[in-house]
There are 2 protein chains.
Amino acid sequence: MYKGVRVMARPVGDPAFEDLTARARIRDAAIRLFAERGMDGTTVRDIAQQAGVSPGLLRHHFGSKEALREACDAYALERLVKVKEEFIVDGEVANAGFLPSAHPTMLLLYKYVTRSLLDGSTGTAALFDDMVAMAEQWVGKHAPGVTGDSRAYAAVLVGMQSGLLAMHEHVSRALGVDVFTTEGYLRMAGAMADLYSHPLLDPEFVAKARRAMPPLRAPNPPTAAGTEPAAEGA
Amino acid sequence: MYKGVRVMARPVGDPAFEDLTARARIRDAAIRLFAERGMDGTTVRDIAQQAGVSPGLLRHHFGSKEALREACDAYALERLVKVKEEFIVDGEVANAGFLPSAHPTMLLLYKYVTRSLLDGSTGTAALFDDMVAMAEQWVGKHAPGVTGDSRAYAAVLVGMQSGLLAMHEHVSRALGVDVFTTEGYLRMAGAMADLYSHPLLDPEFVAKARRAMPPLRAPNPPTAAGTEPAAEGA
DNA sequence: GGGCGGACTATACGCGCGTATAGTCAGTTG
DNA sequence: CAACTGACTATACGCGCGTATAGTCCGCCC
């Protein structure tokens, strides 16, 4: 155990902490901290302290901070697809789909991947693309009222889903409960079910709005206040 | 004009660049860079260079980087409410609501605010809360099929909307067009209109899933693979 | 049992950051 | 004209970062 600075805060919920190899402890600490503060907001010294090792050991095992991130990405993705496989095995979605997500471990991985998307990881970006492709395929089969741009529909669907998690801090504040806890996640999922199963907008209203769109495509649409991104102000 | 390092890249789309006061140029450059790379990813030296002034002048006018951020927040919010007022004046929403958003200036401000939400600005966090309150009120009046948790419904709605913009990089990649351009934004809006005006999920399926939720609220739900956030792996 | 390799720590280097401060220069005011 | 003010630059300080490197300790194999 690293004694450089007295280690006070151990991952409390983690029973087998001492049993893990240092390499695994570093990776887990990194996932936790990257998920919480992002890549830039986390220092290798932070990670090392959380893992109970010296900063140098991190470099010994992973080579660099960037390489550590890639290892975390790979690990998170591997575990996620493993769960996904278990729940899609026989044909279609065996379970209700989002329910295994309510497990604390899954929630942490979701949080990590979500943050990783914002941090610009190429690995999770590829995951996003896969999900869009899957969504487009799904929409093509079970298609509800998609006007024709199924690609955009799928991209928006996946973007909203992951984006909602990206806004977890604000959604949690509005709900008074952390949406990355089982309780909060289920409450959020309930509202999402509402949103997805009942139309929110009047189709007539939408049609009218859609008719108003084409003229806006001009290079400089004739709209409200302000000329260019930089006008004088307060 | 600052000559410390030869200034090559000026904001090209900005005709009245030279006419702006240095203070305004700094603020505009900051909004642009904060929107693009976030607060942490932007240095005061970057901002100063973009604005064509010395780094010291930034401190002279704004005091600190954090104070500059707050000035940007205030400016962005002020301009946004000004536009919002113009489009809600007489009673309800006069226009189609999201259409003034298609203006380039608005898109930049949206991008800024979205990023600011992720960067933890208290000002934009308050804006988020306001929007949730407004959404809850709206949903209460024109209520579609909300089961009862209108608060969560509103929070999810606003979270998805802003979160979708937070994922703009990935959505843009999927669509092959930047969603913060007028063209891309309108395409995205079209898909959103589809999504909002037609139910995506079978209400029967949703009801079944909802019935499966309560048992999961136990502290450690009996779900898939993995024990705790940290098990040995790849 | 002697050497070899890998896990691990201590220490330091160089860089870029936000910030501080002293100084220059033009315009204004009595 | 002298004094003052405020916009602006030059320069430097200190800190914390990612990274590099030298060294220690211990189990393993011939």
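Numbers restart at 1 for each chain; the letters A, B, ... are given by sequence-line order, proteins then strands. In this text the structure is predicted, and so the values were computed from the model without any measurement.
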With a 4.0 Å cut-off, would you call [X] and [Y] a salt bridge?
{"X": "B:Glu36", "Y": "B:Arg115", "value": "no"}
{"X": "B:Arg32", "Y": "B:Asp28", "value": "no"}
{"X": "A:Arg37", "Y": "A:Asp46", "value": "yes"}

Return the value, rounded to whole Å, for the distance between atom [atom1] of [X] and atom [atom2] of [N].
{"X": "A:Phe62", "N": "C:dC8", "atom1": "CZ", "atom2": "P", "result": "11 Å"}
{"X": "A:Leu58", "N": "D:dG18", "atom1": "CG", "atom2": "P", "result": "9 Å"}
{"X": "B:Leu68", "N": "C:dC17", "atom1": "CG", "atom2": "P", "result": "16 Å"}
{"X": "A:His60", "N": "C:dA7", "atom1": "NE2", "atom2": "C1'", "result": "5 Å"}
{"X": "A:Ile47", "N": "D:dT19", "atom1": "CD1", "atom2": "C1'", "result": "14 Å"}
{"X": "A:Arg25", "N": "C:dC8", "atom1": "CZ", "atom2": "C1'", "result": "11 Å"}

Check your understanding: In residues 115-123 of chain A, which ones come under 4.0 Å of DNA chain D, going by heavy atoms?
Key ->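 Per residue number, the list is empty: none.
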Reported [atom1]-to-[atom2] distance for the pair [X] and [Y], which is rounded to 0.5 angstrom:
{"X": "A:Gln161", "Y": "B:Met167", "atom1": "CD", "atom2": "CE", "answer": "11.0 Å"}
{"X": "A:Thr182", "Y": "A:His103", "atom1": "OG1", "atom2": "NE2", "answer": "8.0 Å"}
{"X": "B:His61", "Y": "B:Arg27", "atom1": "NE2", "atom2": "CZ", "answer": "11.5 Å"}
{"X": "A:Ser121", "Y": "A:Leu77", "atom1": "OG", "atom2": "CG", "answer": "8.0 Å"}
{"X": "A:Leu117", "Y": "A:Thr124", "atom1": "CG", "atom2": "OG1", "answer": "4.5 Å"}
{"X": "B:Asp129", "Y": "B:Met131", "atom1": "CG", "atom2": "CE", "answer": "11.0 Å"}

Revision key, fill the gap. 5'-most contact on DNA chain D (nearest-nucleotide basis), A:Asp46 vs A:Gly63, goes to A:Asp46
Output the single nucleotide from [options] whose closest atom is nearest the side chain of [X].
{"X": "A:Leu57", "options": "D:dT9, C:dA7, C:dT19", "answer": "C:dA7"}
{"X": "A:His61", "options": "D:dA7, C:dT9, C:dC8", "answer": "C:dC8"}
{"X": "A:Lys65", "options": "D:dT19, C:dT19, D:dG6", "answer": "D:dT19"}

Write down the protein N/O and nucleotide N/O pairs, taken from nucleotides 21-28 of chain C, whose separation is under 3.5 Å; answer none if there are no such pairs.
none

Check your understanding: So which of residues 38-45 of chain B are in contact with DNA chain C, with a heavy-atom cut-off of under 4.0 Å?
Key -> B:Thr42, B:Thr43, B:Val44, B:Arg45
Practice item. For residues B:Ala135 and B:Val158, report the shortest heavy-atom separation together with the two atoms involved. Key: CB-CG2, 4.0 Å
Practice item. Determine whether more than 12 heavy atoms belonging to other residues, nucleotides or ligands lie under 6.0 Å from atom CD of A:Gln137. Key: no
